[in-house]
Amino acid sequence: MIAFLLLLVSLSNDSIDMMESQTWDYARHDTFAGFYRELHTDSAPESQMPLGMFSFWAWSRGFGTGELAMRSLNLVWAAIALAALARVGRLLSIPWLPILFAIQPFVWYYMNYARSPLMQMAGGALMLAGALGYVRRINPDSLGGILLCLGAILLSGTNMFGIVPMVAVAVGLTGLGVWNRLHLPLKGKILAFTTAIIVAVFVAYYLLIQLRGSGGSQLWTVSPANVLFAAFEYLGLQGLGPGRQELRAIMKGLVSSREILPFLPGLIVLCAAYLVIFGAAFKSWMTREPSRPTSVSAIPPASPGRAFLLISPWMMGLGVPALSALLLYVLATASGMAFWGRHLAGAFPFWVLALGITIHWARQGIWRKTGRLAVLAVLLLLMCSSLLIRFAPWHKHDDYRRAVAEAVRISSGGGIVWWVADHSGGAYYGLPLAETITGAPGEIQFSMNRQEIPEQLPAAIVLSRLDNFDTKGDVRRILAAGSYKKTRTLQTFEIWEK
């Protein structure tokens, strides 16, 4: 309950950003037929999220398509993830595991984001809760098998990238020899077969839409920087660092790397604290003696044998995200589509488990005093990072709400406005974009990557994310000529007027 209440703070009614407006394209339809038509005709990445987009459409039928209304669906997935992690915590005698999940900046960012990462985390948490009994080499209850299957269905259907952590879990269970010693009853075989059929249907769907040309914008070159960015998010550094778009601009060379200097102290301290707790945990584990019991709950919390019964879950907790990142990097390199932390959201609960066990070990053993201080530092900095993500102005969403208001204000005075930003983001706030460009006074023209530049330039240009909406640099060249002056700066937006 405490963990769930913490996550309530992460929600806001900030302006929707570019990606959330694509979710609205699906959620706005009044009928299932309209939703299906959108899914069937769309070639954007949203078509790779069948259950994810369906969940927002279904939720919006009862709660509407307001900013907070769409984001509040994440509370459902957060509750499922917390319940699954509570089961994991009970099995391993780490009852505070849900709270550790609830203070993660990675979770806070995507809680306030009308997309599918929280749904993927719920699927990953269900798979973790289901797989744990098999990993501990005991006979799991029937609920464990059900959770494992439900998690696989949720992961594979929510997002095409959810297939990756699902495969990583399957590989991990294979490596631990689970399948060789598994003896399923008839009901278990039926459940496993049904799950395999459903997952196969989703895989076939993804292959079909790839043949149809579905994919991302491919604005980034796949490189190890993608893995580093995902690690940056996983470790909870993002709240202590610059805004998401500023960081990506630094990585791309659009902004000087010196922009990150003011944030370095906090980032370095958190990284150092991580190193200390992993060092203290390793020392604790190395100085303990093995024990025979097969149940973690049967061993007192301070007993040396507990560390040895936690090693397999810890290895799975680290192995699933690491293998997922490797598989995704290979796939991304082959397809040319870059990836970020959100594409690995399904593996995140496994990282939380690994971190939880590491914290448990760091608080024991001969380095426990140093370990406990480092644990306190990590927990406080993670909470601080989460609060900064929620409240710091540089972490706010793209401000489409006020950008639309500025475009309408200028247009109402008779000036032509170029809208060099997302079409759906403008439409969400009622931007009256011209269907046909005529050059009439007060016309607002959608001008993303225009094919040709007219002789009559506009009175104002509303510009967002140059690397997305001005890939050819035409607008930048017009602004560089000196005929325009920047009159206002909003989050990821600039307003230029003559």
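Owing to the predicted nature of the structure, the values given are computational and were not obtained by experimental measurement. All values below come from the heavy atoms of this structure, side chains included, with hydrogens, waters and symmetry mates left out. Quick note: residue numbers are just sequence positions, from 1.
Of the possible donor and acceptor atoms, one in the side chain of Ser15 sits under 3.5 Å from a partner among the backbone N and O of Asp398. At least one donor-acceptor pair under 3.5 Å links the side chain of Ser386 to the backbone N or O of Ile103. Judged by distance alone, with hydrogens and angles left aside, the side-chain atoms of Tyr109 form no donor-acceptor pair with the main-chain N or O of Gly239 at under 3.5 Å. Side chain of Thr492 to main chain of Arg465: no donor-acceptor pair is present (N/O by atom type, distance under 3.5 Å, no hydrogens or angles). Side chain of Trp108 to main chain of Ala102: a donor-acceptor pair is present (N/O by atom type, distance under 3.5 Å, no hydrogens or angles). With Arg115 contributing its side chain and Met19 its backbone, the two residues share a donor-acceptor pair below 3.5 Å. Of the possible donor and acceptor atoms, none in the side chain of Ser385 sits under 3.5 Å from a partner among the backbone N and O of Leu381. Side chain of Tyr274 to main chain of Leu235: a donor-acceptor pair is present (N/O by atom type, distance under 3.5 Å, no hydrogens or angles). Side chain of Arg71 to main chain of Met111: no donor-acceptor pair is present (N/O by atom type, distance under 3.5 Å, no hydrogens or angles). At distances below 3.5 Å, at least one donor-acceptor pair connects side-chain atoms of Arg61 with backbone N or O atoms of His29.
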Next on the checklist: Quick one, Leu132 with Arg87, criterion side chain to side chain contact (heavy atoms under 4.5 Å, CB included). Give me CA distance, side-chain angles, the key distance, then yes/no.
Outcome noted: CA-CA 10 Å; Leu132 190 60; Arg87 172 183 165 88; over 6 Å; no
Item to check | His395 vs Gln245, side chain to side chain contact (heavy atoms under 4.5 Å, CB included): CA-CA, chis, key distance, verdict | outcome: CA-CA 9 Å; His395 287 300; Gln245 296 307 319; over 6 Å; no
Item to check | Chi angles and distances behind the ring pair (Phe, Tyr, Trp, His ring centres under 6.0 Å) call for Phe106, Phe348 | outcome: CA-CA 9 Å; Phe106 187 72; Phe348 188 72; 4.6 Å; yes
Checklist entry - Yes or no on side chain to side chain contact (heavy atoms under 4.5 Å, CB included) for Val378 and Leu270, after CA distance, side-chain angles and deciding distance? => result CA-CA 6 Å; Val378 165; Leu270 181 52; 4.3 Å; yes
Next on the checklist: side chain to side chain contact (heavy atoms under 4.5 Å, CB included) for Tyr113 and Thr23? Distances and angles first, verdict last.
Outcome noted: CA-CA 10 Å; Tyr113 197 59; Thr23 302; over 6 Å; no
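With a 6.0 Å radius and a threshold of 12 heavy atoms from other residues, nucleotides or ligands, Phe282 has its CZ atom at or below the threshold. For Arg372, the CZ atom counts as densely surrounded, since its 6.0 Å shell holds more than 12 non-hydrogen atoms of other residues, nucleotides or ligands. Residue-environment remark: CD1 (Ile2) stays at or below the threshold of 12 foreign heavy atoms within 6.0 Å.
In this structure, SG on Cys271 lies 10.0 Å from CG on Leu264, to the nearest 0.5 angstrom. In this structure, Leu382 CG and Leu355 CG are separated by 7.0 Å, a value rounded to the nearest 0.5 Å. From Asp42, atom CG reaches atom CD1 of Ile209 across 9.0 Å, with rounding to the nearest 0.5 Å. Here Ile359 contributes atom CD1 and Leu376 contributes atom CG; the two are 10.5 Å apart, rounded to the nearest 0.5 Å. Annotation: the span from Ile16 atom CD1 to Tyr428 atom OH amounts to 5.5 Å, rounded to 0.5 Å. Taken from OG1 in Thr158 to CD in Gln120, the straight-line distance is 6.5 Å, to the nearest 0.5 Å.
Between Ala347 and Pro321, the shortest heavy-atom distance links the atoms O-CG, 3.6 Å. For the residue pair Leu118 and Asn74, the shortest heavy atom distance occurs at CB-OD1, 3.5 Å. Counting all heavy atoms, side chain and backbone alike, Ser324 lies closest to Ala168 at OG-CB, 3.4 Å. For Ala273 against Ala377, the heavy-atom pair with the smallest separation is CB-CB, 4.2 Å. Nearest heavy atoms, Tyr206 versus Ser156: OH-O, 2.5 Å. Heavy-atom minimum distance, Val199 versus Ala152: CG2-O, 4.2 Å.
Ring pair Trp314/Trp361 is tilted by interplanar angle, where 30° to 60° counts as tilted.
Contact annotation: the side chain of Leu237 never approaches that of Phe263 to less than 4.5 Å [non-hydrogen atoms, C-beta and beyond]. Two residues are said to be in side-chain contact when any heavy atoms from C-beta on lie closer than 4.5 Å; Leu128 and Val352 fail this criterion. Residues Val320 and Met316 are in side-chain contact: their nearest non-hydrogen atoms beyond the backbone lie under 4.5 Å apart. Side-chain contact between Leu97 and Leu100 is present, with at least one heavy-atom pair separated by less than 4.5 Å. The closest side-chain heavy-atom distance from Glu46 to Asp25 is not below 4.5 Å. Contact of the Tyr400 side chain with the Met18 side chain is registered, since non-hydrogen atoms from C-beta on lie closer than 4.5 Å. Contact annotation: the side chain of Tyr429 never approaches that of Ser21 to less than 4.5 Å [non-hydrogen atoms, C-beta and beyond]. Side-chain contact check for Met119 versus Ser55: some heavy-atom pair is nearer than 4.5 Å.
Counting only residues at least two apart or in different chains, side-chain hydrogen bond (donor to acceptor under 3.5 Å, both in side chains) contacts with residues 230-242 comprise Tyr110-Glu233, Glu233-Arg244.
Partner of His397 under the side-chain hydrogen bond (donor to acceptor under 3.5 Å, both in side chains) criterion, chosen from Glu20, Gln491, Glu67: Glu20. Put simply, the residue from Phe32, Trp24, Tyr26, Tyr36 that forms a ring pair (Phe, Tyr, Trp, His ring centres under 6.0 Å) with Trp57 is Phe32.
Scanning for ring-ring contact (aromatic ring centres under 6.0 Å, His included) contacts around Phe278 gives an empty result, with sequence neighbours left out. In this structure, the ring-ring contact (aromatic ring centres under 6.0 Å, His included) partners of Trp59, at least two apart in sequence or on a different chain, are Phe63.
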